[in-house]
Amino acid sequence: MDSLPPSMLHKILSTVATKNIRDFGSARIAFPGFNEVGREDHFYRSINLIYLNDWVDEVSAVRTFRLKCYRSGNPEAIYLRGMYEFFILHLVDEGREKIHLAGERGCELAQFVDGILNLAFSVDHRGIVHNYPAFTRQHVYKMFQIICSWQLSGHWDYDKPDMFLSVAERIDPNVPCDCWCSHIDPPEFEVSLDGSRSLWKCDRCFWNCAAWDFCYQIHLTARTWPIED
């Protein structure tokens, strides 16, 4: 362990911290190199909190750790705070502002959520969305895999904001039924990251379906925030 560079110690300690906060403390006590890395502001500013295990029994330690990351300017912590404000406190403007800020600071999931929120809020009276983000389709599939993963989803104990519900209900998921792309003969398919195949859709249909799916999945990833803040 003494021969490992600080960057490798940072990576190992980050993985330990997101899995179990008690093991994070034990690792810092057991090895001086981990303790030194764990004292640096850079560690709390750069650790990826998206998969932080907040279901563990050490609630107080998890809250303290997350707050320290947030106060250090950690992009994922800012994103999680924004999600909490948007979906749980229903502070829509404040939440979107923090999600956008987290994206600007490099949080990939925040960039995606910010882009698809802008897409969803562009829905018109016909139920069609317009502000297409610059994401590739493969990137959309990748982000949906993350959003729908068991580590992030499953938070049910709150209601979606009325404004968000209104937007979600206006998006028409059946646009492809009447579109030319659903009548291509022979049909064309595209392959997702998990290997599954689906009928190819034109851009209008693809983004309408993406916005609708997003609206009925993303709120399940919002989590509570430390009450000490």
Side-chain angles (χ1 to χ4, degrees), residues 48-51 75-76 79-80 82-83 86-87 92 95-156 159-223:
N48 190 335
L49 295 182
I50 296 300
Y51 292 107
E76 283 77 23
Y79 165 74
L80 293 172
M83 291 289 289
F86 189 102
F87 286 104
V92 175
R96 288 190 70 180
E97 182 180 345
K98 287 186 174 63
I99 292 169
H100 181 75
L101 175 62
E104 288 185 332
R105 295 192 178 184
C107 177
E108 188 177 47
L109 186 54
Q111 293 168 356
F112 178 75
V113 171
D114 187 40
I116 304 299
L117 278 175
N118 289 333
L119 175 71
F121 276 86
S122 72
V123 62
D124 64 18
H125 66 282
R126 299 169 298 166
I128 297 174
V129 296
H130 295 279
N131 291 343
Y132 302 159
F135 308 133
T136 66
R137 297 192 180 201
Q138 289 302 306
H139 184 71
V140 173
Y141 297 143
K142 173 188 172 183
M143 290 295 102
F144 269 113
Q145 276 192 336
I146 294 174
I147 289 170
C148 297
S149 65
W150 67 268
Q151 296 101 319
L152 294 192
S153 62
H155 300 265
W156 295 87
D159 297 321
K160 288 178 280 191
D162 290 339
M163 180 188 299
F164 186 76
L165 271 174
S166 174
V167 168
E169 290 170 353
R170 282 159 47 204
I171 297 173
D172 184 3
N174 299 313
V175 167
C177 296
D178 299 321
C179 184
W180 62 268
C181 66
S182 63
H183 303 292
I184 297 176
D185 189 21
E188 296 183 9
F189 296 89
E190 53 188 352
V191 181
S192 299
L193 294 178
D194 60 2
S196 61
R197 298 200 314 164
S198 59
L199 284 173
W200 178 86
K201 300 181 182 69
C202 67
D203 283 346
R204 186 187 71 155
C205 295
F206 174 82
W207 289 115
N208 240 69
C209 290
W212 190 87
D213 289 339
F214 173 86
C215 288
Y216 288 94
Q217 290 289 341
I218 190 59
H219 68 287
L220 300 178
T221 70
R223 288 172 266 178

Flag the pair [X] / [Y] as yes when at least one side-chain heavy-atom distance between them is below 4.5 Å, and no otherwise.
X	Y	value
R137	W200	yes
F87	I218	yes
F121	N131	no
F135	W207	yes
Y216	L220	no

Within this structure, what is the [atom1]-[atom2] distance for the pair [X] and [Y], rounded to the nearest 0.5 Å?
X	Y	atom1	atom2	answer
R96	M83	CZ	CE	12.5 Å
E190	S196	CD	OG	9.5 Å
S122	I171	OG	CD1	8.0 Å
R204	C209	CZ	SG	10.5 Å
C215	R170	SG	CZ	10.5 Å

What's the shortest heavy-atom distance between [X] and [Y], and which atoms?
X	Y	answer
P133	I116	CG-CD1, 4.0 Å
I99	A110	O-CB, 3.5 Å
A120	V167	O-CG1, 3.1 Å
S149	Y51	OG-CE2, 4.2 Å
C181	K201	SG-CA, 4.0 Å

Audit row: I147, L109, side chain to side chain contact (heavy atoms under 4.5 Å, CB included) steps and yes/no: CA-CA 9 Å; I147 289 170; L109 186 54; 4.1 Å; yes

Look at the side chain of [X] and the backbone N and O of [Y], then say whether any donor-acceptor pair between them is shorter than 3.5 Å.
X	Y	result
S182	P176	yes
D213	P173	no
N208	V129	yes

Parallel, tilted or perpendicular: rings of F164 and F86 (30°, 60°): perpendicular

Parallel, tilted or perpendicular: ring planes of F112 versus H139, cut at 30 and 60 degrees: perpendicular

Pair Y132-F206, ring-ring contact (aromatic ring centres under 6.0 Å, His included): steps then yes or no: CA-CA 10 Å; Y132 302 159; F206 174 82; 9.2 Å; no

Side chain to side chain contact (heavy atoms under 4.5 Å, CB included) between Y79 and I50, worked out: CA-CA 9 Å; Y79 165 74; I50 296 300; 3.7 Å; yes

From CA spacing to verdict: side chain to side chain contact (heavy atoms under 4.5 Å, CB included), Y141, Q138: CA-CA 5 Å; Y141 297 143; Q138 289 302 306; 3.7 Å; yes

